[in-house]
Number of protein chains: 2
Amino acid sequence: MKKEEKAKIDQSTEEKIKAAAYKLFTQKGYAATKTRDIAEEAGINLALLNYYFRSKEKLFELIMADNMKQFMFSVVSITNDDNTTYQEKIALIAETYIDMLIAQPDMPIFVLSEIRNDPSGLIKKMNFDDIILRSLFIRQLKSAVEGNEITPVDPLHIIMNILGMAVFPFIGSPVLKKIGGMSDESFNAMMRERKKLIPLWLHEMLRKKG
Amino acid sequence: MKKEEKAKIDQSTEEKIKAAAYKLFTQKGYAATKTRDIAEEAGINLALLNYYFRSKEKLFELIMADNMKQFMFSVVSITNDDNTTYQEKIALIAETYIDMLIAQPDMPIFVLSEIRNDPSGLIKKMNFDDIILRSLFIRQLKSAVEGNEITPVDPLHIIMNILGMAVFPFIGSPVLKKIGGMSDESFNAMMRERKKLIPLWLHEMLRKKG
DNA sequence: GTCTATATACGGATAGAC
DNA sequence: GTCTATCCGTATATAGAC
């Protein structure tokens, strides 16, 4: 028996359903995922899904919240760490995201494509503005600008660049793999390279010019 | 009567259906879009959809192909232009993409999230490798590396960076707007800023050090 | 070409036995 | 808690009148 199957048996039924739902929702999105598929993937009966979670939608909201939490808040501890400079924070954000996304490459496209339809107004409810824009990271960036250490730029541009360079390759991976003729493993190797490169690139971008 | 409505009337039925399908598929994805919604949006009868396009799937493939074409191939003419340097090409790619995405912000997440399930193996069929990696743009980049003009780097990293910086903000726009407390218009203004900034940033990244 | 009415299948959810 | 059988709404697609 494979390890994977054994692990599945060791889980409680509820956990098996959650794991299956996580996998399928994240891979295919809400509308394209059928409750029957989840049941089959979990190796359980369809009726049990409703027994444990009442409805497809309830189950989805649970999974979605989990994903959002990981995707958005894994960086909060980094951006507010008193013991690191903004440069170190940039490196840590890139590393953390890339490591996370190598393990769960479908997460960002899932989160961002489900968000676009604003199913239950999830984003509106959260206060990213406070969490990000008032973070120590942003304050450190601003004070570096004021102290004439780096070239003046809207911190939002920097955030877009870090996320764009770290997250976008995973969203576009099918196309990028095709372009580069890369296997999954060589793609991942390239992403690991980027953990080192992104901080360097950001450093060059922010460098005070002549 | 509004211009928009008049334009709708002036279109043939087939065009109305295609326009409605384009809008809804791109906004909500294949599985979440109902043929009834398309019919209603087009202001026609449901039966006509099948009369003209035989099935939801056929209609989808048509729209998808259109989107792919725009999303991927609008840059081909730029990347093979004999009369521009690689620096000018970078600027043109950023400008072209950002202009396109301001007009059609849902396009990339639609294309990339539908691609992920590899519905009919669309990407596998296209030869991006030839189109991109053998483009003049890439050859110009490589020869600049060999000529010791810029810092050595895999051209794929550069492609990821250009696309990441230009395209990702649109994919993440709901979250980014929330973070920055931006309206649609101020978001677009920021994207227009990026048309100028991205080439500058790329220039700094590629700059020969030490 | 365009409509109404309908066939057919599918997917979410529940009833009820064990 | 877990299963089988089934209900019922919804979605795609078509038949057939006009």
Side-chain angles (χ1 to χ4, degrees), chain A residues 1 5-66 110 113-114 117 119-120 122, chain B residues 5-66 110 113-114 116-117 119-120 122:
Chain A
M1 185 185 297
E5 283 171 18
K6 179 137 194 327
K8 202 179 275 182
I9 287 168
D10 288 345
Q11 288 173 321
S12 74
T13 299
E14 190 172 349
E15 284 168 338
K16 280 191 282 189
I17 297 172
K18 255 175 98 168
Y22 186 96
K23 178 177 169 184
L24 293 180
F25 278 140
T26 306
Q27 234 165 52
K28 319 204 302 172
Y30 177 77
T33 300
K34 313 303 170 196
T35 51
R36 283 174 165 80
D37 299 341
I38 297 176
E40 190 186 3
E41 172 75 26
I44 54 98
N45 190 279
L46 170 60
L48 284 177
L49 190 150
N50 291 291
Y51 174 76
Y52 280 103
F53 299 96
R54 284 202 50 87
S55 74
K56 178 187 179 185
E57 199 170 345
K58 293 272 182 205
L59 178 53
F60 174 76
E61 282 167 14
L62 212 72
I63 303 300
M64 183 65 176
D66 268 21
F110 165 72
S113 73
E114 295 298 339
N117 285 354
S120 49
L122 253 174
Chain B
E5 283 171 17
K6 180 139 193 324
K8 201 180 277 185
I9 287 167
D10 288 345
Q11 288 174 321
S12 72
T13 298
E14 191 174 348
E15 284 168 338
K16 279 191 283 190
I17 296 172
K18 256 175 96 167
Y22 186 96
K23 178 177 169 185
L24 293 181
F25 278 140
T26 306
Q27 235 166 52
K28 319 204 302 172
Y30 177 77
T33 300
K34 312 304 170 197
T35 52
R36 282 174 165 81
D37 300 340
I38 297 175
E40 190 186 5
E41 173 76 27
I44 54 96
N45 189 279
L46 171 59
L48 284 176
L49 190 150
N50 292 290
Y51 174 77
Y52 280 103
F53 300 95
R54 283 200 49 85
S55 75
K56 179 186 179 184
E57 199 170 344
K58 294 272 183 205
L59 178 53
F60 173 76
E61 283 168 14
L62 211 73
I63 304 300
M64 184 63 177
D66 268 22
F110 165 72
S113 72
E114 295 297 340
R116 104 189 113 156
N117 285 353
S120 49
L122 253 174

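Throughout, protein chains are lettered first and strands after them, A, B, ... in sequence-line order, and every chain is numbered starting at 1. Any value given below was found using the heavy atoms of this structure, including those in side chains, with hydrogens, waters and symmetry copies removed.
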Open item on the list: Strictly distance-based, threshold 3.5 Å: is any side-chain N or O of A/E114 a donor or acceptor partner for the main-chain N or O of A/Y30?
Closed with: yes

Open item on the list: Rounded to whole Å, please give me the gap between CG in A/D37 and P in C/dA13.
Closed with: 14 Å

Task: Residue pair A/N45, A/Y51: steps toward the side chain to side chain contact (heavy atoms under 4.5 Å, CB included) verdict - done: CA-CA 10 Å; A/N45 190 279; A/Y51 174 76; over 6 Å; no

- [ ] Among C/dT4, C/dG1, C/dA13, find the nucleotide with the atom closest to the side chain of A/N50.
- [x] C/dA13

- [ ] Figure out the CD/P separation between A/E14 and D/dT2, and round it to whole Å.
- [x] 10 Å

Open item on the list: What's A/L49 touching, base or sugar-phosphate or nothing? Going by heavy atoms closer than 4.0 Å.
Closed with: nothing

Open item on the list: How many whole angstroms separate atom CZ of A/F53 from atom P of C/dA13?
Closed with: 13 Å

Open item on the list: What is the separation between atom CG on A/L46 and atom P on D/dC3, rounded to the nearest whole Å?
Closed with: 11 Å

- [ ] Compare the minimum distances between each of D/dT2, C/dT2, C/dA13 and the side chain of A/Y52, then state the nucleotide with the smallest one.
- [x] D/dT2

TODO: Of all the heavy-atom pairs spanning A/F53 and A/K58, show the shortest one and how long it is.
DONE: O-CB, 3.2 Å

- [ ] Output the single nucleotide from D/dC3, C/dT2, C/dG11 whose closest atom is nearest the side chain of A/K34.
- [x] C/dG11

Open item on the list: Whole angstroms only, please: what is the CD-P distance between B/E57 and C/dC10?
Closed with: 14 Å

Open item on the list: Once you apply a heavy-atom cut-off of 4.0 Å, does A/Y51 come out as touching a base, just sugar-phosphate, or nothing?
Closed with: base

TODO: Would you kindly give the OH-to-P distance between A/Y30 and C/dG11, to the nearest whole Å?
DONE: 13 Å

Open item on the list: Has A/K56 got a side-chain atom pairing as donor or acceptor with A/T33's backbone, closer than 3.5 angstrom?
Closed with: yes

- [ ] Using a cut-off of strictly less than 4.0 Å, decide whether B/T13 has a side-chain nitrogen or oxygen near OP1 or OP2 of C/dT2.
- [x] yes

Task: Candidate nucleotides C/dA13, C/dT14, D/dT2, ranked by approach to the side chain of A/A47 - the nearest - done: C/dT14

Open item on the list: Whole angstroms only, please: what is the CD1-P distance between B/I44 and C/dT4?
Closed with: 12 Å

Open item on the list: In this structure, how many angstroms lie between the C1' atom of D/dA17 and the CG atom of B/N45, rounded?
Closed with: 13 Å

Open item on the list: To the closest 0.5 Å, what do you measure between CD1 (B/I38) and CG (B/L48)?
Closed with: 13.0 Å

